[in-house]
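To start, the structure under review is shown below, and the notes come after it.
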Number of protein chains: 2
Amino acid sequence: MVRVRMSDVAARAGVSTATVSMVLNGVNSTRISPQTQQRVREAAEAVGYKPNSVARSLRTQQTRMVGLISDTIASTPFAGRMLAGANDVAREQGHLVVLVDTERDVEAERQALQALSGQQVDAIIYACMWHRVVEVPEGLPGDAVLLDCAPASGGRAAVVPDERAGGMAAVRELLAAGHRRIAFLDAEKRFDLVASRLRYEGYLEVLADAGIEPDPALHVRAEPVAGGGREAALRLLELPEQRRPTAMFCFNDRMAMGAYAAAHHCGLSIPGDLSVVGYDDQQLIAADLDPPLTTVALPHYEMGRWAMEVALGLLKGDPAVPHLMPCPIIRRASVGPPPAQFGD
Amino acid sequence: MVRVRMSDVAARAGVSTATVSMVLNGVNSTRISPQTQQRVREAAEAVGYKPNSVARSLRTQQTRMVGLISDTIASTPFAGRMLAGANDVAREQGHLVVLVDTERDVEAERQALQALSGQQVDAIIYACMWHRVVEVPEGLPGDAVLLDCAPASGGRAAVVPDERAGGMAAVRELLAAGHRRIAFLDAEKRFDLVASRLRYEGYLEVLADAGIEPDPALHVRAEPVAGGGREAALRLLELPEQRRPTAMFCFNDRMAMGAYAAAHHCGLSIPGDLSVVGYDDQQLIAADLDPPLTTVALPHYEMGRWAMEVALGLLKGDPAVPHLMPCPIIRRASVGPPPAQFGD
DNA sequence: AACCTCAAGTTAATCGATTAAACACATCGG
DNA sequence: CCGATGTGTTTAATCGATTAACTTGAGGTT
């Protein structure tokens with residue numbers, strides 16, 4: 001497959017490459033006669049001309065490529081949704097995404113930045129695969145956009161989920177169903193998760209608004225996986241009946257999965273005897289549990305879009321404070337009214 | 001941030017750009033005196049020179065970028081692992097991955113190919129997010145590598161999981177535990193899944209080898225999600241005792257999840273009363289079930305690596321027949337001996 | 001002295017576009 | 001008839017590297 005150059009088109013149309021360039025890019029096209037334009041377009045079509053973007057980039061100093069650096073592509077199933085959001089916007093704008101996975105290795109990050117800046121990408125997005133506060137790598141350009149993480153030292157455009165509001169929505173959902181004794185199955189402190197703190201704040205605030213005194217016994221922590229959720233739920237279900245929760249808000253869907261297991265183990269049915277709300281709306285889990293899990297969705301796709309929109313200058317990000325993306329509640333079938341003896 | 005060019009380095013070192021280029025790339029470097037080399041390197045360091053890969057690419061006709069076209073980034077959690085494999089190899093080789101998601105839209109595929117060829121990528125990988133036979137898009141270069149799909153019309157390097165061997169491994173695992181009545185919870189025919197046919201073939205072959213007459217009643221089909229698995233398992237568990245299976249091989253982990261639910265519902269314990277084997281080794285599901293699921297892993301990471309290795313010419317792919325990547329069995333806790341009354 | 005070889009560079013063409021500036025030609029007013 | 005104005009197109013510089021071909025001077029041979 002021989003590449004056809006602009007000069008081939010020019011030769012065939014009997015004009016100079018300058019003319020071809022102007023016609024095909026629609027620049028200064030008023031200054032070129034319609035007949036010539038027509039000839040050029042036909043010639044381009046006839047020889048199958050495809051512009052060489054490398055050459056164009058060299059000249060224009062724009063590559064129409066955006067670098068996306070992420071700490072780990074593989075480790076979470078969320079990656080795809082964020083990539084998809086970013087990718088969709090890029091495509092709409094005629095840009096391509098160059099992906100670099102640094103696996104959280106500082107040296108790899110340095111190399112990646114170097115490669116991307118050598119590659120002259122038009123913008124850079126720095127993405128984390130779960131919500132954290134990060135020390136941005138040295139050499140990250142000031143206009144890079146942070147995705148699913150907040151900069152430790154501020155001053156950069158960033159987008160993160162509104163975990164606090166998400167926590168509030170979850171608890172409100174349970175409150176609305178009539179629950180008063182609502183547990184929070186939290187992640188252990190040692191994981192130091194931003195999300196954990198914020199969701200808990202949301203939990204407390206809604207209880208306070210409802211005039212409910214939070215019971216410290218109902219705030220339990222475990223490893224944020226199914227096993228941890230099971231164990232934490234079991235601890236709660238062993239409480240004396242009047243102190244036992246009628247609903248559980250779980251830090252994530254995996255813990256909710258464990259809570260389901262615990263409920264089965266104790267012969268309790270969901271939502272008849274126990275209501276459960278998760279967080280993450282994890283693909284292939286939340287909707288597949290039995291009964292399907294009511295949960296709070298992490299807006300990965302939307303955050304990916306936002307980051308790309310800001311990176312491409314379509315939207316202005318506020319460097320002072322991270323943009324909070326709402327976490328919608330997804331209603332399925334794991335929430336019901338509390339068992340009769342607890343009703344009002 | 002002003003970009004520093006090679007001529008800046010040359011000026012500072014008091015040599016020509018040709019010399020700088022040779023020194024920094026180690027080409028013809030025997031022809032340049034050590035003192036000069038030293039001077040050049042120091043100058044480059046001093047001014048913070050970073051090569052401009054766009055210019056280099058234009059000259060060398062190599063971009064050190066590989067295009068990865070995929071039908072859907074977002075829809076499966078497998079994407080990440082394949083991307084990670086491809087990405088790791090690319091990085092090892094000093095290449096970057098340019099990602100394009102076409103969402104299975106023919107027009108988008110055409111555009112993507114055009115963009116990538118305009119971008120002069122050195123190689124192209126066409127990836128599917130689940131094992132299929134595809135009509136490759138017109139214009140896909142002959143040396144593009146197919147990942148997790150086989151070309152309808154052959155003649156291209158491709159890699160797919162060895163589903164047949166995977167199915168065999170799963171059934172052998174159950175056989176080895178002493179089971180004789182092994183069901184296959186298959187996907188419905190209308191989904192027309194390559195994997196379904198091959199796994200079933202593997203199932204039949206192992207039974208034949210073991211001298212077991214396959215019971216058609218034990219081959220049931222349903223939608224390959226949790227709900228379908230539950231329903232299919234329930235149908236099997238309603239069989240009269242002597243015809244009931246003691247083990248279930250499920251088309252995927254989601255169906256296995258449903259089989260768990262069915263077992264719970266019938267008051268059966270896993271693996272005490274029923275053994276279950278899944279397929280996919282789906283993150284956040286298989287290991288998180290209670291008990292953890294024994295399953296067959298889809299080698300996404302390895303396939304991603306293989307595809308990139310072939311694409312970069314590190315490995316030679318056989319265009320005649322797709323490369324089969326082994327699917328290792330992952331032993332966890334859902335397989336045990338059959339209940340006593342069925343023992344031998 | 002004439003010629004050759006080798007070492008250590010340099011010169012200049014090239015990759016394929018974009019674009020400011022120049023050019024050729026026509027038209028028109030005075 | 002001159003200059004101004006306008007129109008349509010070309011010329012040539014440029015982006016920043018790579019690299020084949022050439023230069024220059026020193027040293028060696030006969």
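A, B, ... follow the sequence lines: proteins, then strands. Residue 1 opens every chain. Hydrogens, waters and symmetry mates play no part in the numbers below; they use all other heavy atoms, side chains included.
- Panel note: side chain A:Asn87, backbone A:Leu83; no donor-acceptor pair is recorded below 3.5 Å.
- Spacing between atom CD1 of A:Ile32 and atom C1' of C:dA24 amounts to 15 Å, rounded to whole angstrom units.
- Judged purely by atom type and a 3.5 angstrom limit, A:Ser53 uses its side chain to pair as donor or acceptor with the backbone of B:Gly118.
- Regarding B:Leu24, its CG atom lies at a distance of 11 Å from the C1' atom of D:dA17, rounded to whole Å.
- Across A:Met325 and A:Glu302, no two heavy atoms sit closer than the pair CE-O, 3.6 Å.
- Side chains of A:Gln37 and A:Arg41: a donor-acceptor N/O pair is present below 3.5 angstrom, by distance only.
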Quick one: which protein N/O atoms are closer than 3.5 Å to N/O atoms of nucleotides 14-16 of chain C? Pair and distance per line, please.
unit_1, atom_1, unit_2, atom_2, d
C:dT14, O2, B:Arg59, NH1, 2.8
C:dC15, O3', B:Gln61, NE2, 3.1
C:dC15, O2, B:Arg59, N, 3.4
C:dG16, OP1, B:Gln61, NE2, 3.3
C:dG16, N2, A:Ala55, O, 3.3

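- With rounding to whole Å, A:Arg31 atom CZ is found 9 Å from D:dG6 atom C1'.
- Across all strands, A:Thr36 comes closer than 4.0 Å only to sugar-phosphate atoms, never to a base (heavy-atom distances).
- Note: CE (A:Met22) to P (C:dT18) measures 11 Å, nearest angstrom.
- Note: CD (A:Gln119) to C1' (D:dA17) measures 13 Å, nearest angstrom.
- The interatomic distance linking A:Gln62 (CD) with C:dA17 (C1') rounds to 14 Å, in whole Å.
- Residues B:Gln283 and B:Arg81 bring no donor and acceptor atom of their side chains to less than 3.5 Å of each other.
- Nearest-nucleotide mapping onto DNA chain C: of A:Lys50 and B:Ala18, the residue sitting toward the 5' end is B:Ala18.
- Side-chain nitrogen and oxygen atoms of A:Ser21 include at least one within less than 4.0 Å of the OP1 or OP2 phosphate oxygen of C:dT18.
- Residue B:Val15 places its side chain closer to C:dT10 than to any other of C:dT10, C:dT19, D:dT9.
- Both A:Thr17 and A:Ser33 lie near DNA chain D, and the one whose nearest nucleotide falls closer to the 5' end is A:Ser33.
- Nucleotide D:dG8 holds its P atom 16 Å from the CD atom of A:Gln38, rounded to whole Å.
- Among the heavy atoms of the strands, none lies under 4.0 Å from A:Asn28.
- Residue A:Ser16 is classed as a base contact, given a heavy-atom separation below 4.0 Å to a base.
- In this structure, A:Arg39 contributes its side chain and A:Ala13 its backbone to a donor-acceptor pair below 3.5 Å.
- Remark: side-chain polar atoms of A:Ser70 are not paired, donor with acceptor, to backbone N or O of A:Thr102 under 3.5 angstrom.
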